[in-house]
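Some notes on the structure that comes next.
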Amino acid sequence: MGQIIFLRHGQAKNNVERVLAGRTSGIPLTEIGIQQAQHTAELLEHMNVSAIYSSPIQRAKHTAEIVGEHNSIDVKIDDRLIELDMGKFTGVPYDEIFTNHGNVFMKFYNGELEIAHNGVETFSEVKKRVLGIVDHIIENHPDENVVLVTHMDPIKAMLSTIVDLSPTNLFELIIANASLNIFREKERKFSLSGLNVMHPSRFDQGW
């Protein structure tokens, strides 16, 4: 039985500034984000990881490189792990989006047409590409532990395929920066064995 380990990138500049970065390039990890990635790299030492795949977006790629270097594993880039295409909302502060368009995230999880009309990738599209790379892992890394470094909503997409979550649940669920979200797979059936797994020191530090 292999484990598919989804890792959200460490804290990045857009997280601190509360800006919806989407696929914008050139947004780095913060110093805290780098520390988070290093802590997670240490956790993964004990998990017998055989491969690491990453979103091409800088904040995820840098997180993956920190983990890979610590564990002597090369990182493979896969576009199926990329952040959402946020369309016209890319680069806009959260508060401005909510003021002008309401809760676009609830609309996203509800599959409302307004989302697609604004050029935003739909949640069903995210699920399709995430399940695509999961199938790739099952076929190419049978019974191995593989890390997929990505973003919050691709992780929620995976989670929602095995747990019955309402749009409200999905909106309120926070996948912590640099946390491990661990799925076990056997005969293409999945179970959740870890959510927001982090280095114990982080629970007291609030990040």
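This is a predicted model, so every value here is computed, not measured.
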N/O donor to acceptor pairs below 3.5 angstrom from side-chain atoms of residues 76-83, sequence neighbours left out:
{"from": "Asp78", "atom 1": "OD1", "to": "Arg80", "atom 2": "N", "distance (Å)": "2.9"}
{"from": "Asp78", "atom 1": "OD1", "to": "Arg80", "atom 2": "NE", "distance (Å)": "3.0"}
{"from": "Asp78", "atom 1": "OD2", "to": "Arg80", "atom 2": "NH2", "distance (Å)": "2.9"}
{"from": "Arg80", "atom 1": "NH1", "to": "Gly132", "atom 2": "O", "distance (Å)": "3.4"}

Is any side-chain heavy atom of Phe6 closer than 4.5 Å to one of Val130? yes
Considering only heavy atoms from C-beta outward, does the side chain of Leu173 approach that of Met152 to under 4.5 Å? no
Check: Glu42/His70 side-chain N/O donor and acceptor closer than 3.5 Å: no
Spell out, yes or no, whether Val126 and Ile133 are grouped together once hydrophobic residues are joined by side-chain heavy atoms under 4.5 Å, including indirect joins. yes
What is the ring orientation for Phe98 with Phe171, classed by angle as parallel under 30°, tilted 30 to 60°, or perpendicular over 60°? tilted
Do any N or O atoms from the side chain of Arg8 and from the backbone of Ile175 form a donor-acceptor pair under 3.5 angstrom? yes
So do Asn71 and Val49 actually touch side chain to side chain, heavy atoms under 4.5 Å? no
Quick one: NZ on Lys127 to NZ on Lys156, what's the gap to the nearest 0.5 Å? 12.5 Å
With the threshold set at 4.0 Å, does a side-chain nitrogen-carboxylate oxygen contact exist between Glu125 and Arg129? no
Starting at CG of Asn15, measure out to OG1 of Thr30 and round the result to the nearest 0.5 Å. 8.0 Å
Output all residues satisfying ring-ring contact (aromatic ring centres under 6.0 Å, His included) with Phe123, sequence neighbours left out; order by chain, then residue number. Phe108, Tyr109
Is the shortest side-chain heavy-atom distance between Arg188 and Asp135 below 4.5 Å? yes
Gln11 side chain to Gln36 main-chain N or O, any donor-acceptor pair under 3.5 Å? no
Given side chain to side chain contact (heavy atoms under 4.5 Å, CB included), test Asn181 with Leu159 step by step and report yes or no. CA-CA 9 Å; Asn181 300 274; Leu159 187 62; over 6 Å; no
Hey, are the side chains of His151 and His9 touching, using non-hydrogen atoms and a 4.5 Å cut-off? yes
Which other residues belong to the hydrophobic cluster containing Val16, where Ile, Leu, Val, Met, Phe, Trp and Tyr are joined when side-chain heavy atoms lie under 4.5 Å apart, directly or via other members? none
Please report the interatomic distance CD(Gln38) to CD(Glu69), rounded to the nearest 0.5 Å. 9.5 Å
Evaluate the criterion side chain to side chain contact (heavy atoms under 4.5 Å, CB included) for residue pair Val197 and Ile5; output intermediate values, then yes/no. CA-CA 10 Å; Val197 176; Ile5 305 164; over 6 Å; no
Determine whether Val92 and Leu20 satisfy the following criterion, side chain to side chain contact (heavy atoms under 4.5 Å, CB included), listing intermediate values before the conclusion. CA-CA 6 Å; Val92 181; Leu20 198 57; 5.6 Å; no
Check: Gln58 and Ser25 side chains under 4.5 Å, non-hydrogen atoms: no
With side chains defined as the heavy atoms from C-beta onward, is the minimum distance between Met47 and Val147 less than 4.5 Å? no
If Ile, Leu, Val, Met, Phe, Trp and Tyr residues are connected whenever their side-chain heavy atoms lie under 4.5 Å apart, and connections chain through other members, are Phe105 and Ile97 in the same group? yes
Does one hydrophobic cluster hold both Ile57 and Ile27, with members joined at side-chain heavy-atom distances below 4.5 Å? no
Go through it in stages, so that I can follow the logic: the residues are Thr40 and His199, the test is side chain to side chain contact (heavy atoms under 4.5 Å, CB included), and I'd like the CA-CA distance, side-chain angles, deciding distance and then a yes or no. CA-CA 7 Å; Thr40 302; His199 193 282; over 6 Å; no
Give, for atom CD1 of Ile73 and atom OG of Ser50, the distance between the pair rounded to the nearest 0.5 Å. 7.0 Å
Set of residues satisfying side-chain hydrogen bond (donor to acceptor under 3.5 Å, both in side chains) with respect to Ser166, sequence neighbours excluded: Asn169
Taking only residues two or more places apart in sequence, or in another chain, which ones meet His101 in a ring-ring contact (aromatic ring centres under 6.0 Å, His included)? Phe89
Are Glu96 and Arg18 close enough for a salt bridge, meaning some N to O gap below 4.0 Å? no
Is there a side-chain contact between Ile115 and Val120 (heavy atoms, below 4.5 Å)? yes
Path from Leu131 to Ile182 over hydrophobic side-chain contacts below 4.5 Å: no
How would you list, by chain and number, every residue that makes a ring-ring contact (aromatic ring centres under 6.0 Å, His included) with Tyr53, sequence neighbours excluded? His136, His141
In terms of hydrophobic clustering (I, L, V, M, F, W, Y; side-chain heavy atoms under 4.5 Å; direct or indirect links), are Ile137 and Met158 co-clustered? yes
Kindly say whether Glu187 contributes a backbone atom to a donor-acceptor pair with the side chain of Glu185 at under 3.5 angstrom? yes
